[in-house]
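This is a predicted model, so every value here is computed, not measured.
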Amino acid sequence: MTTPALFPGFDGLMTLSRREGVDIRPTLLRVLTDLYVQANAHSGEEERQFVELTSRLIDQVDDATRAAVRARLAIYPGTPAEVSRKLGLKPLTPDRRAPLPYDAPASPSAAAPVKAPSEAQLRMASNLSMQPKDAAEINDMFFRASARERALILHDLPETPLRASARIPPARAARAIETLEMAAFAADVENFTLELGETLILPSRVAAQVVNDPGGEPLACAAKALNMPSAVFQRVLLFLNPEFGSSVDYVYRLSRLYDKLSERSALIMLAAWRGSTMAVTRAKYQPGLYDDEHFRARSAPAQTRPAAQSPSAVPRTGSQGSGS
């Protein structure tokens, strides 16, 4: 069966799953379902592809995953009839394309386009060791994502088999939290960034990206990786950057995100930040060194050896002739 264009890489992931012995089907079904229900309506082709993919997964996942997907699709008016029958769902309305309860537009032209999962999102469902290249792609995807997309990524991360970073030692984390709070009160972004980078073992470039991100989600992940109390995190939001802290919506949104954010999600993002640094380092140095050696090996002119001189041609020194 050929891979539908809307969800590229599906068959490759299944092959990887069989080869590595890691069952990624539960995570993949959850991701596909979350992406599908984000839009209010779908074209016929999008619906066909969703039915094709989910039908292959529903019978192959565990009961907990099937129940979670069933609950998600039970309240979605656009659930395809074939999927509803497979899950044992009753139609939500006589017309399954009826508007949502809040009267959102249901016509395909008015609905937001469905975003196919990127390669990085698909790797999130299959990668175990988080190689530097994969970590860099996950890192880039997260920083490019919108606030809603970031929340969805962080919500799904605990269900993935990605390897999280080790917890920061409690004593070290406690000292860092105290220092970070004092720096935030003084609006000292430079020292705040320095302390965060040293504690989380991040280079200054990445630490600055985390602290200065306008969305605030990376900072929430960093604070959760330190197990920072929620009240302290709220004070950091209020004082660290007065421009952002003066926005009630900004502080409220991130406070809610922080309370729901799991430690595992934060530690997985920390692993991605660290791994992306390794990828940048390799890209900066390894190819250049390799090409240089290759170039020198091919372009260096052939050197001829000087003719070996016979022993008789070597001039004797005075000390050598004194013994005869």
Criterion side-chain contact (heavy atoms from CB on, under 4.5 Å) on I168 and L200, from CA distance to verdict: CA-CA 7 Å; I168 307 299; L200 298 182; 4.0 Å; yes

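- For the atom pair CZ of R70 and CD1 of I58, the computed distance is 11.0 Å after rounding to the nearest 0.5 Å.
- By the 4.5 Å heavy-atom criterion applied to side chains, R274 and S165 are counted as neighbours.
- Shown here for L154 and P158, the closest heavy-atom pair between the two residues is O-CD, 3.3 Å.
- Inter-residue side-chain proximity for P218 and F142 is flagged as met; some heavy-atom pair is nearer than 4.5 Å.
- By the 4.5 Å heavy-atom criterion applied to side chains, L157 and R264 are not counted as neighbours.
- The OG1 atom of T193 sits 14.0 Å away from atom CZ of R205, with the distance rounded to the nearest 0.5 Å.
- The existence of a salt bridge linking E217 and R148 is excluded, since no basic side-chain nitrogen approaches an acidic carboxylate oxygen closer than 4.0 Å.
- In the displayed structure, Y252 atom OH is contacted under 6.0 Å by at most 12 heavy atoms of other residues, nucleotides or ligands.
- A single hydrophobic cluster is seen to contain both L196 and F185, as judged by linkage of ILVMFWY side chains at heavy-atom distances under 4.5 Å, directly or through other members.
- Across every non-hydrogen atom of L238 and V251, the tightest pair is CD2-CG2, 3.9 Å.
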Evaluation steps, side-chain contact (heavy atoms from CB on, under 4.5 Å), between R66 and D63: CA-CA 5 Å; R66 192 180 301 108; D63 292 339; 2.8 Å; yes

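- Here the CG-OG1 distance, from L180 to T199, works out to 6.0 Å after rounding to the nearest 0.5 Å.
- In this structure, CE in M269 is found 8.0 Å from CD1 in I138, a value given to the nearest 0.5 Å.
- Between E263 and R167, some side-chain heavy-atom pair lies under the 4.5 Å cut-off.
- In plain terms, the two heavy atoms of N139 and A272 that are nearest each other are CB-O, 4.4 Å.
- The nearest pair of heavy atoms linking I153 to A145 is CD1-CB, 4.4 Å.
- V206 and L194 are assigned to two separate hydrophobic clusters, defined by single-linkage of ILVMFWY side chains at heavy-atom distances under 4.5 Å.
- Taking the charged nitrogens against the carboxylate oxygens, E178 and R175 have no contact shorter than 4.0 Å, which rules out a salt bridge.
- Rounding to the nearest 0.5 Å gives a distance of 8.0 Å between CG of D140 and CD of E137.
- With R253 contributing its side chain and G215 its backbone, the two residues share a donor-acceptor pair below 3.5 Å.
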Identify every side-chain donor-acceptor pair in residues 223-236 under 3.5 Å, counting partners at least two apart or on other chains, and give the distances.
residue : atom : partner : partner atom : Å
K224    : NZ   : Y258    : O            : 3.0
K224    : NZ   : L261    : O            : 3.4
S230    : OG   : D259    : OD1          : 2.9
R235    : NE   : E181    : OE2          : 2.7
R235    : NH2  : E181    : OE2          : 2.9

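- Considering only heavy atoms from C-beta on, V37 comes within 4.5 Å of L73 through its side chain.
- Across C221 and W273, no two heavy atoms sit closer than the pair CB-CH2, 3.8 Å.
- In the displayed structure, R172 atom CZ is contacted under 6.0 Å by more than 12 heavy atoms of other residues, nucleotides or ligands.
- Residues P214 and Y250 share a closest heavy-atom pair of O-CE1, 3.4 Å.
- Applying the side-chain hydrogen bond (donor to acceptor under 3.5 Å, both in side chains) definition to pairs two or more places apart or across chains, those involving residues 207-216 are R150-D213.
- Taking the six-membered ring where tryptophan is involved, the planes of Y36 and Y76 are perpendicular, since the angle between them exceeds 60° and thus also 30°.
- For the pair R48/V51, no side-chain contact is recorded, criterion being any heavy-atom separation below 4.5 Å from C-beta on.
- Here K86 pairs with D59 under the salt bridge (charged side-chain N to carboxylate O under 4.0 Å, His left out) rule; sequence neighbours left out.
- Here the CD1 atom belonging to I177 is positioned 10.5 Å from the CD atom belonging to E195, to the nearest 0.5 angstrom.
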